[in-house]
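Worksheet for the structure shown next.
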Amino acid sequence: MAKYIFVTGGVTSSLGKGIIAASLAKLLQSRGLKVTIQKFDPYINVDPGTLNPYEHGECYVTEDGAETDLDLGHYERFLSTFTTQANNVTTGRIYQTVINKEREGAYLGKTVQVVPHITDEIKRRMLLLGQSGDYDIVITEIGGTVGDIESLPFIEAVRQLQWEMEDEDFLVVHLTLIPYLKAAKELKTKPTQHSVKLMSENGVHPDIIVCRTERSLTAELRKKIALFCNVKTEAVIEAMDASSIYEVPLKMLQEGLDTIVLKKLHINGYSAPQLGKWKEFLDKVKNPVSKVNIGLIGKYIELQDAYKSILEAFVHAGAVNRCKVNIVNIHSEFITDANVHEKLGGLDGLLVAPGFGIRGVEGKIIAVKFARENRLPFFGICLGMQMAVIEFARNVLGLSDAHSTEMDVNTTNPVIDLMEGQKKITAKGGTMRLGSYPCEIKENSLAHAVYGTTEITERHRHRWEFNNSYLPQFENAGMLASGKNPATGLVEIVELKDHPFFIGVQYHPELKSTVENPQPVFTAFIKASKEFSEKKNLSNPVLQSEMIQTV
Ligand code: GLN
């Protein structure tokens, strides 16, 4: 039987519940326990797949093709285990299930209500992963902040589970903020007291209070929080701002978060935490011996969360290369032929990001051209790969109106076209080509050197694809399809023959990069960028330093 930990948040949003949940999971995993994390989100969308990245950050796709919250990315990056559709549940999905059942007649004669029908469905899903027999511990993060109208049914479900379960099978961690008032020179506990009081009014009593704070908590303050929040003093955990999210598990270890959890859940016979690899990784992140400037060309660059997995994959790849990856965010909408040299001249590598719609695509195409012509390491992901194909068609094959039918339905050269299976689909939710598919890699290609194997699987999220009727033309001119789906022939990887490092992938490699398994394309791209930078330095050290300053 699995034991259950619930993580709630108080006072304000954006306190980092996902990181705290993932850090706790990491510590428990490092002691030999089998742990998974799930997230329950209180919004009405069935999943975040149709949300604009400006609203909700990146949409994280799991192996089984679920479009989920970006916190699932943190869970996978920390634990190096896969999550599934079952790991992310929204209010929308709960209601959809209950309403479908009502239509089928499952509740004949009954009034369908929030309590018990909605809360029963929430509880059923909260327990689902634990009942699989695969886990010792299931951590459930409840999205939103306690006190929000929309999270009430989730808190009520937690209350009922608290009542139904044995004490040693159930635990609530409440994450809260201890603000520092400059004028008073004091950390303030009142918001935390209120938030715990609110929880208590809803019948849920936190066992552990994790306090986000900019300043260290004194013993006296810890005692005060403990007293007013009705927990033991040792259960007041300080979570100071960290320089890297990957430091948080070690900070939580120092604070004894995992020991309190193990004690409260009556778990015995666990090992000491095995965090050697994690510490090694962190050491490399903190002590790089070189640095590269990577241009991230996208249109959501104002919001860092929109490219979360890409940014984290760079941290992992940087560590492998002992290299600080300095990301230079460049808005694709503002790149023109006239300013491209000025904007991209100081870079050591270029990544063209995924995306949808026409806004900013011409800038992306200009950026690809710059990387191709200047032998700058290039990495295109999904839409970024499609832009590389269009650029090659226009500027090398001479098909001047080449485009994707996503942007121009009337182009006479649709080098990127809607997938056959997508042509009849009109609904937007969960209908893209999603999740993990195999890819067969050609031997003696860059992709083969990168992966070191001919068979891989990667995750997808797209509707358009390389138009295979153009493939002979591309290959004759030097752009190769070095990876294809073995069943359909869909082009998964393109690369340039005569370029030091130029690769575009239809899939999203960033989704599978974890601390323990950094993603090979990212690792190889950073290595190539490092080499590019070293060469540039050798040939013109003065120019190099000037270029970096212009970035
Ligand atoms: N818009 C493109 C497609 O649907 C690319 C999608 C993406 O970059 N994730 O094929």
Side-chain angles (χ1 to χ4, degrees), residues 47-54 56-62 65-68 70 73 296-301 303 305-311 313 332-333 350-365 367-368 378-391 393 402-409 411 414-437 439 458-468 470 481 483-485 488 490-494 503-513 519 521:
D47 60 45
T50 57
L51 285 174
N52 185 322
Y54 285 126
H56 202 69
E58 154 191 287
C59 173
Y60 186 80
V61 180
T62 57
E67 295 181 291
T68 70
L70 56 77
L296 172 60
I297 317 289
K299 65 173 174 182
Y300 306 115
I301 54 163
L303 188 79
D305 275 359
Y307 300 117
K308 195 82 209 160
S309 293
I310 291 177
L311 298 180
S332 54
E333 243 183 312
L350 189 77
L351 183 136
V352 178
F356 296 84
I358 194 159
R359 186 166 68 95
V361 299
E362 290 304 324
K364 286 185 174 176
I365 293 169
V368 177
F378 169 83
F379 183 8
I381 298 182
C382 207
L383 185 73
M385 170 265 197
Q386 297 176 354
M387 293 301 114
V389 169
I390 294 168
E391 191 280 325
H403 222 319
S404 161
T405 53
E406 179 180 3
M407 326 298 166
D408 178 5
V409 269
T411 172
V415 290
I416 302 292
D417 204 2
L418 194 60
M419 277 181 273
E420 202 45 48
Q422 288 286 329
K423 290 189 175 153
K424 290 198 186 79
I425 294 174
T426 51
K428 291 280 183 271
T431 55
M432 283 188 241
R433 178 172 180 249
L434 291 166
S436 182
Y437 285 92
C439 167
E458 293 283 3
R459 297 184 200 168
H460 301 72
R461 184 172 189 248
H462 65 122
R463 294 187 203 280
W464 276 265
E465 63 173 331
F466 184 94
N467 182 344
N468 266 323
Y470 286 89
K484 285 187 187 172
N485 178 287
T488 62
L490 180 145
V491 174
E492 295 280 14
I493 310 175
V494 296
I503 194 162
V505 296
Q506 184 57 77
Y507 48 83
H508 290 265
E510 71 276 19
L511 301 175
K512 269 170 77 170
S513 188
Q519 210 285 335
V521 191

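Numbers here simply count residues along the sequence, with the first being 1. Atoms within a ligand are numbered from 1 in the order they appear, just like the ligands themselves.
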Beyond-backbone contact of [X] with [Y], side-chain heavy atoms, under 4.5 angstrom:
{"X": "L383", "Y": "W464", "answer": "no"}
{"X": "E510", "Y": "P354", "answer": "yes"}
{"X": "C59", "Y": "L51", "answer": "no"}

Closest contact, heavy atoms only, A393 versus V415
CB-CG1, 3.9 Å
Interatomic distance, M407 atom CE to F356 atom CZ [nearest 0.5 angstrom]:
9.5 Å
Set of residues satisfying ring-ring contact (aromatic ring centres under 6.0 Å, His included) with respect to H462, sequence neighbours excluded
H460
Check ligand 1 for close polar pairs with the protein: N or O on both sides, less than 3.5 Å.
from: ligand 1; atom 1: 1 (N); to: G355; atom 2: O; distance (Å): 3.0
from: ligand 1; atom 1: 1 (N); to: E406; atom 2: OE1; distance (Å): 2.8
from: ligand 1; atom 1: 1 (N); to: E406; atom 2: OE2; distance (Å): 3.1
from: ligand 1; atom 1: 4 (O); to: R463; atom 2: N; distance (Å): 3.0
from: ligand 1; atom 1: 8 (O); to: G355; atom 2: N; distance (Å): 2.9
from: ligand 1; atom 1: 8 (O); to: G355; atom 2: O; distance (Å): 3.3
from: ligand 1; atom 1: 8 (O); to: L383; atom 2: N; distance (Å): 3.0
from: ligand 1; atom 1: 9 (N); to: R461; atom 2: O; distance (Å): 2.9
from: ligand 1; atom 1: 9 (N); to: H508; atom 2: NE2; distance (Å): 3.2
from: ligand 1; atom 1: 10 (O); to: Q386; atom 2: NE2; distance (Å): 3.1
from: ligand 1; atom 1: 10 (O); to: R463; atom 2: N; distance (Å): 3.2
from: ligand 1; atom 1: 10 (O); to: W464; atom 2: N; distance (Å): 2.8

